[in-house]
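These numbers come from a predicted model, not from an experiment.
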Amino acid sequence: MKNNFPLKKRVLWIGVFPALIIPCTGALFYFVWFAESNWVQPVYASIKVFTFVWPVFAAFFLLKEGLGKLGALFKFQWNIVMEGVGCGILMSLCVLFVLFSPFGNAVFDQAAVVREKAEQMGVISHFVIFGLFLSFLHSLLEEYYWRWFVFGNLHRFLNSKSLAYGVGALGFASHHIVVTTQLFDGPIGWMYGLTVGVAGAIWSWLMVRHQSLIGAWVSHIIVDITLMSVGYYLIFHVSSK
């Protein structure tokens, strides 16, 4: 245990701690502090580059393991895929249930704000392509970053597995909370953002259950397609009325 402590400390404080806070800080920059400046797209892109590069850096220079263990997390089995599909459909049904409940009025009321944010980020003219990118490729990037690297190392090095799930979920939720609290006023924005953390905890559980990212990724794709479809409806139908 004594021999492992320097590695544990190095990974958690130098590797995982920055990974937990930088996406949230970046979201504050491009979605709040400089939302109306020319810095939105460069900062957004730089955060995405960071989420790809940082786990690689940590894997080679902190853990000194390379990316060999990542390959095992793409283990493909049909039962893993189908469990991911079922989980994604259930989550999407929950999204649609909330949308068409009284809580959903807050979403429809903010359609113009959603459109304005899409315009500020420069994605409104190619929103469908942007939505497909987020749903398929960005979801994979998030699973690699948040589940494999952040949660995986928390789960590996923290004594409490429950704490690993909680910290990983809050880290994943944090940059989403920045977005949802800008789109929706009051506790609704916080509630929507925190539900992302619940989804993240479920995806972490799927990864641990199967020792594979495939199920979590498939579920993530389905949920993102649902959310981007809602966004499209708000931007191009509701806000134009």
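Between the side chain of Trp217 and the main chain of Phe136, a donor-acceptor pair closer than 3.5 Å is present. With hydrogens and angles disregarded, no donor-acceptor distance shorter than 3.5 Å links the side chain of Ser219 to the backbone of Ala216. A donor-acceptor distance shorter than 3.5 angstrom exists from the side chain of Ser46 to the backbone of Val43, with no hydrogens or angles considered. When atom types are taken as modelled, the side chain of Tyr145 and the backbone of Ala19 share a donor-acceptor pair closer than 3.5 angstrom.
Taking the centre of each ring, Phe151 and Tyr165 come in below the 6.0 Å mark. Between His175 and Trp146, the ring center distance clears the sub-6.0 Å criterion.
Tyr44 and Phe130 have tilted rings, their planes meeting at an angle from 30° to 60° on a 0 to 90° scale.
Annotation: cation-pi pair Arg10/Phe61 absent, no NZ/CZ under 6.0 Å from the ring centroid and within 45° of its normal.
Each of Val98, Leu183, Thr181 was checked for a side-chain contact (heavy atoms from CB on, under 4.5 Å) with Tyr192, and the lone residue meeting it is Val98. The only member of Ile222, Ile221, Val223 that meets side-chain contact (heavy atoms from CB on, under 4.5 Å) when paired with Ile225 is Ile221.
With sequence neighbours left out, the salt bridge (Lys or Arg N to Asp or Glu O under 4.0 Å) criterion links Glu119 to Arg115.
Side-chain contact, His210 with Glu83: a donor N or O sits under 3.5 Å from an acceptor N or O.
The minimum heavy-atom distance between Trp148 and Tyr144, with the atom names listed, is CB-O, 3.2 Å.
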